[in-house]
Amino acid sequence: MFADLFATIKVEDIVEATKETFYMTIIALIGTFILGILLGLLLFLTNKGGLWENKWVNFITATFVNVFRAIPFIILILLLFPFTDFLVGTIRGPNAALPALIIGAAPFYGRLVEIALREVDKGVIEAAKAMGAKTRTIIFKVLLPEAMPALISGLTVTAIALIGYTAMAGAIGSGGLGSYAYYSGFQRRDFDIVLLCSVIIVLIVFLFQFIGDYITRKLDKR
Amino acid sequence: MFADLFATIKVEDIVEATKETFYMTIIALIGTFILGILLGLLLFLTNKGGLWENKWVNFITATFVNVFRAIPFIILILLLFPFTDFLVGTIRGPNAALPALIIGAAPFYGRLVEIALREVDKGVIEAAKAMGAKTRTIIFKVLLPEAMPALISGLTVTAIALIGYTAMAGAIGSGGLGSYAYYSGFQRRDFDIVLLCSVIIVLIVFLFQFIGDYITRKLDKR
Amino acid sequence: MISIEGLRKVFTANKTETTAVDDVTLSIKQGDIFGVIGYSGAGKSTFVRLLNRLEEPTGGKIFIRNQEITALKKNELRLARQDIGMVFQHFNLLWSRTVKENIAFPLEIAGVEKEERNQRVQSLIDLVGLSGKEATYPSQLSGGQKQRVGIARALANKPSVLLCDEATSALDPETTNSILDLLVDINQQLGLTIILITHEMRVIRKICNQVAVMENGKVVEHGNVLDVFAHPKTDVTKKFVQQLMGDAEAENEFEHLVHTFENGKLIRLHFVGETTNDALISKLVKAYDIDISILQGKITRTQAGAYGTLFIQMTGEELEITKAIQHVTEKTSVELEVIRGVR
Amino acid sequence: MISIEGLRKVFTANKTETTAVDDVTLSIKQGDIFGVIGYSGAGKSTFVRLLNRLEEPTGGKIFIRNQEITALKKNELRLARQDIGMVFQHFNLLWSRTVKENIAFPLEIAGVEKEERNQRVQSLIDLVGLSGKEATYPSQLSGGQKQRVGIARALANKPSVLLCDEATSALDPETTNSILDLLVDINQQLGLTIILITHEMRVIRKICNQVAVMENGKVVEHGNVLDVFAHPKTDVTKKFVQQLMGDAEAENEFEHLVHTFENGKLIRLHFVGETTNDALISKLVKAYDIDISILQGKITRTQAGAYGTLFIQMTGEELEITKAIQHVTEKTSVELEVIRGVR
Amino acid sequence: GGGEEKDDNKITVGASSVPHAEILAEAKPILEEEGITLEISEYQDYVLPNDDLANGEIDANYYQHIPFLEQTIDDTGYDLDYIAGIHIEPMGVYSKGISSVEDIPEGTEVIMSNSVPDHGRILTLFEEQGLIKIDEDVDKARATVDDIVENPKNLTFLPEYEAAVLPEYYEREEDALVAINTNYAIDAGLKPEEDGLFIEGDESPYVNVLAVKKEDKDDEALNKLAEVLQSEEIQAFMREKYNGAIVPVKEKK
Ligand SMILES: Nc1ncnc2c1ncn2[C@@H]1O[C@H](COP(=O)(O)OP(=O)(O)OP(=O)(O)O)[C@@H](O)[C@H]1O
Ligand SMILES: Nc1ncnc2c1ncn2[C@@H]1O[C@H](COP(=O)(O)OP(=O)(O)OP(=O)(O)O)[C@@H](O)[C@H]1O
Ligand SMILES: [Mg+2]
Ligand SMILES: [Mg+2]
């Protein structure tokens, strides 16, 4: 029956596309997490009343974040070609999509990080200051742990946005379910493929959401 | 000098595209705000330990949110054609993009709303409960006002993501700076247009960010 | 008014169970001011939070005004709660609202009209001494000011039951007194029933007529304040009573007394509230050939008579002293304890 | 040790300025236990927070151990702060850390090795009576338990100065006593200087040797605890002293005394700390033909002698009473006030 | 890039997945017999294949028509050329509600792809039908909507839609004219000969070519590939597989 319904679908292609989606999403997510935390911290710390209050650094970080959030993803991919070539050694395939995915998603996650950090109780930060903690200590032992549930929830949101981005990265032959659905399915009016790919994408989204929610709940000791 | 540098650019086209971007972003943002708050509240309230704890409603809402977050935007636009036709009466132009923009962005904002609501002090919710507040009162007079700074920050993030989405909505002739940059600029290798459009997009992003930050700061009385 | 039967609450955390409230059975009459005391972690906050079901009981029943709180449906509970004010240990103010708006909140919930709301809020602000701070946000208030907002908020809707979780612990004595006076006033005028957790015996003594002592989740002693304090049965209660009577310190400085006053007998007199004993010392001195020095102690006037403890030094002939002691033990209700005999 | 010159802090909120601390000049010696009292909103918390520059002063200078705190650069301030423990009014515990990890936090900051850290943390947990709660998260603790974690945390790094903002206000008297004993111990053994805000005069009396009274941001009185309390100059101080002496209540029940005891003279005796007056009542009764009933009051033993207030009723011949009064006023240091003459 | 150490018997060709990559895949075994290994690199984008070709990432590409290639060379100055034309994907104009050219009402909307290279092509089609006139001074292949000088029926040209969405507009917008690339039309279940209002013939200049770097124009392996692609066998395959959407040609440069 299954074979009947999806007569035109090549299973190995779908498996391959699923793998590519996972590969891109997970690697990009790691990169986004690191870069996003950095950006978010920088935004938070250099903001008015922050530990490193600095109008100019804040402005520059904000500009960076906003510029990369604003550029349409497809243009971003193309703009990053020289950088990608230098970094990854190729400008095609899943690996070539990673820099664009990370640089596209990190500013976005950075803002979520900033929002999460702003929700950390001021009193606790004050307590750490009163103990003579270095800013580094405050960051790693107060800000990040106390904001962790929100940071992880935000990462979940970002992961799912990244899955969406990978569809667009299809433009440079990175594969993945999204572009498979669009090019092999939608463009050729083969809605079985669109449907199947969509179902798999939704399942992946649920998987990420489930893991994210689980970790968030475990971490939240309030 | 300006005329020199951007000799090929038609000012009225750029103005038109800017207007379209603003139009789509602002209308979609309003829709996203309303729908996103609804979804976020539903997710938060029906969650474990929530005021309306309900496994099934939560699961259904989460499914809805995740499905719509997961579908690649271009496919979403097409899937929504019948709905759009019914609602807006056209499937072309800026107005036709609105349902897709809203339905694409609202689940995303909904998650941010959920995260923001989770950060509201449990003690305050408890105080309202102890006063015999209706759930409606708790929502409108406790949860939303107390979470407002994070809700607005999240809306700013969403607004900027929406600006990115409008570029993709170009596929159905909705115009806007993003698609103008891609089709009139990038496709024709007229990089002056790409640059100018990008600069304008970045300025719009800054404008939204500035307004969002200002409101957030004003609202945050902690 | 309030009757509680076999109330229990068990918390499970890290796989270990904590029985915070353990089989509590009590009844509280309309118009009572009911104090709850006990060591930190005894279960006082949990007990009070069970009363309006902010914590769901693990077992037991609660009746308030013949309404079985523990059996109420969501909506009924909501209405019942509008009649129960609560002051939280951690204030729980809305940071997004000003002082005025915070106090107005329960009135908004109860649907009180704007004009009356404003009027009541303003009078409460005046009563708790926050005039001039109406438009201030909680983050700009001192600890005590926050607490006063919390108190005003709890009273705003004229509840018939008030639950206070250490409502005055962040307040200086003067402000505490004025708040307590306010509570007694409302209690007397409107028959407000108050259940009040406190660490300050002064507060219990000043306004409570009933008291319950908690230890490890159990109510180990309860009843009329005077009864409980005059004849404390458990160690906890004794410790608390000592605070009130100033004995805690006395106990500590006992050594010091023994060494400083080397002659005569050191005696503790415990007055348990009878007017006939008021002139005891004067009588003793006249009747027997002894001298009495008052070293330390505290006498408090209660409705029933003098109540409290005095440490005295009796000097004189051994025989006379013995007679005097005999007089006290046989002819009065004063309890006497010889701490050190004549040297 | 600590010297403060012209310290000021002005908050601006809603365009109105609040002078929370107003031109405070003080000095605190090494090993002092320095109490700060005052009404709610007097500026006590702000004052203490200025000392480690959690609030930046609007004006004035602070020296701790000859180091000008107000002139320190960021990094120097950081190191200086490691030597200043602080207990917060609202605890400020990290909810993401267990009790144990919270207490270990300042040690991690100071770079204490793991083994020693564990050891010190465990001994502090035992000291504050939280054994068994090591792995519990703050959200599962009672108010007093949280506060004890805060105290243990402040002491963990063996600071030489400890700032306490109502460190015992959420604690029952028994726990308070054990915490205070702990503080005195550390104070005596290690010369820890303690600055302590409290509303409980009992705390001041039990452990402080110096006290400052704040009102509207100003220090209106300060000095040796006995001096300040024996001769309170300002109204605030008087009010606080009354709490300690139990007079606050007496005052309130004054009417009641006047009505209940209709015969004889109602007299207030104020003992100001001289051993010679110990047997005063006994002497009076013998020397003059009067009877004396002790109605109410409190006598406390200080180093210098009995100290406190007694309300007494003198009955007998008018003339004898007058003579007795004369005796007291002329021959003793006891202050006497006739509240109501003979009827 | 792989340009430097070129293996004479191995060629990498960039292609759009449909139909170019499929056609190449059909040619692969034939080339194998000749001792040439063909590697196919698929692209979803229209800009990159030429960039990659120019910087030697690939040896040839097969995805574009001649006007597009020429425009790219003009725009970028890349040193590119083509060896042979292989097929045409004819552009067609469709409408549900309008049954003949004469019946096109005043002011009808023309919905067309947002791919700029298609614009001149569509406008040329309209000019051939006598519906509009394009400025004489403009290269027809590069004409845009702005270059229309006569428009007696006041047609409104809307050149801003994603190509893949066009069949959807054909279905839903009965009163409009929709210009659809044949491959999308067929995938959407349209029959170009029956449903099309008017359609490009095989004289169209929009021939898809095998493009190479100028210096490689005489490369043996690449010429062999061109030969195979123009062979009877492959042409039959195209006709059969794409039933009418693709018209094979035998143009040689
Ligand atoms: N951040 C702030 N912004 C504006 N005003 C403030 C701020 N913090 C404190 N104040 C004001 O400064 C005054 C002193 O506050 P402080 O917290 O020092 O009082 P306190 O003596 O500690 O009182 P309490 O005993 O109630 O804790 C109060 O009137 C308070 O409203
Ligand atoms: N949410 C919870 N989960 C697990 N244990 C809890 C929870 N809340 C309270 N407890 C435990 O229950 C016991 C009673 O707590 P409760 O807050 O009622 O004490 P309390 O008498 O109010 O003490 P305090 O005077 O210190 O405020 C404590 O041992 C506490 O650790
Ligand atoms: Mg408690
Ligand atoms: Mg304070």
Side-chain angles (χ1 to χ4, degrees), chain C residues 11 13-14 37-41 45 89-90 135-137 140-145 147-148 165-166 169-177 199-202 205-206 239-240 243 246 248-249 253 256-257 278-279 281-283 285-286 290-301 306 310 313, chain D residues 11 13-14 37-41 45 89-90 135-137 140-145 147-148 165-166 169-177 199-202 205-206 239-240 243 246 248-249 253 256-257 278-279 281-283 285-286 290-301 306 310 313:
Chain C
F11 288 111
N14 319 331
I37 57 175
Y39 294 156
S40 170
S45 295
Q89 192 164 7
H90 302 303
T136 310
Y137 287 91
Q140 296 163 348
L141 294 178
S142 78
Q145 288 164 341
Q147 189 144 51
R148 284 181 274 163
D165 198 346
E166 287 168 42
S169 68
L171 297 179
D172 60 275
E174 184 68 8
T175 314
T176 300
N177 276 340
H199 292 310
E200 294 167 284
M201 291 300 285
R202 211 162 52 80
R205 181 171 165 260
K206 189 170 156 72
K239 288 262 166 66
F240 274 94
Q243 182 207 350
E249 292 114 47
E253 290 166 29
H256 155 75
L257 283 184
D278 286 345
I281 289 175
S282 158
K283 279 181 198 148
V285 174
K286 281 191 177 157
I290 52 171
D291 268 329
I292 294 181
S293 296
I294 299 172
L295 301 180
Q296 175 156 320
K298 186 171 176 182
I299 293 283
T300 313
R301 207 78 223 163
L310 285 183
Q313 180 189 29
Chain D
F11 287 112
N14 319 333
I37 56 176
Y39 295 156
S40 171
S45 297
Q89 191 166 6
H90 302 303
T136 310
Y137 287 90
Q140 295 162 348
L141 294 178
S142 77
Q145 288 164 343
Q147 189 145 51
R148 283 180 275 164
D165 197 346
E166 287 168 42
S169 67
L171 297 178
D172 60 275
E174 185 68 9
T175 315
T176 300
N177 276 337
H199 291 311
E200 295 167 284
M201 290 300 286
R202 212 162 51 79
R205 177 161 173 263
K206 190 171 157 71
K239 288 261 165 66
F240 274 93
Q243 180 206 354
E249 292 115 46
E253 291 166 29
H256 155 76
L257 283 183
D278 286 344
I281 288 174
S282 159
K283 279 182 199 149
V285 173
K286 281 193 178 154
I290 51 171
D291 270 327
I292 293 181
S293 295
I294 298 172
L295 300 181
Q296 174 155 320
K298 187 170 176 183
I299 294 283
T300 312
R301 206 78 224 160
L310 286 184
Q313 180 190 28

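Values below: all heavy atoms of this structure, side chains included; hydrogens, waters and symmetry mates excluded. Just so we're clear, the structure is a prediction, and the values are computed from it rather than from any experiment. Sequence lines set the chain letters: A, B, ... in the order given, protein chains first and strands last, and positions in each chain run from 1.
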Legend entry - Toward chain C, the part of Ser142(D) with a non-hydrogen atom under 4.5 Å: side chain
Inset, instruction - Can you spot which of Asp291(D), Ile292(D), Val285(D), Ile281(D) makes a side chain to side chain contact (heavy atoms under 4.5 Å, CB included) with Ile281(C)? - result: Ile281(D)
Inset, instruction - Check Ile290(D) against Ser282(C) and note the closest heavy-atom contact, atom names and distance. - result: O-OG, 4.3 Å
Inset, instruction - Side chain from CB out, backbone as N, CA, C, O: work out which of these in Gln145(C) comes under 4.5 Å of a heavy atom of chain D, or both, or neither. - result: both
Legend entry - Tyr39(C), part contacting chain D, at a heavy-atom distance under 4.5 Å: both
Legend entry - Approximate separation, where rounding is to 0.5 Å, of Thr176(D) OG1 and Glu200(C) CD: 9.5 Å
Legend entry - Contact leader toward chain D among Ser45(C), Ala135(C), Gly143(C), where contacts are heavy-atom pairs under 4.5 Å: Gly143(C)
Legend entry - Whether Asp172(D) side chain and His199(C) backbone form a donor-acceptor pair below 3.5 Å: no
Legend entry - Any Leu310(D) side-chain heavy atom under 4.5 Å of Ile294(C) side chain: yes
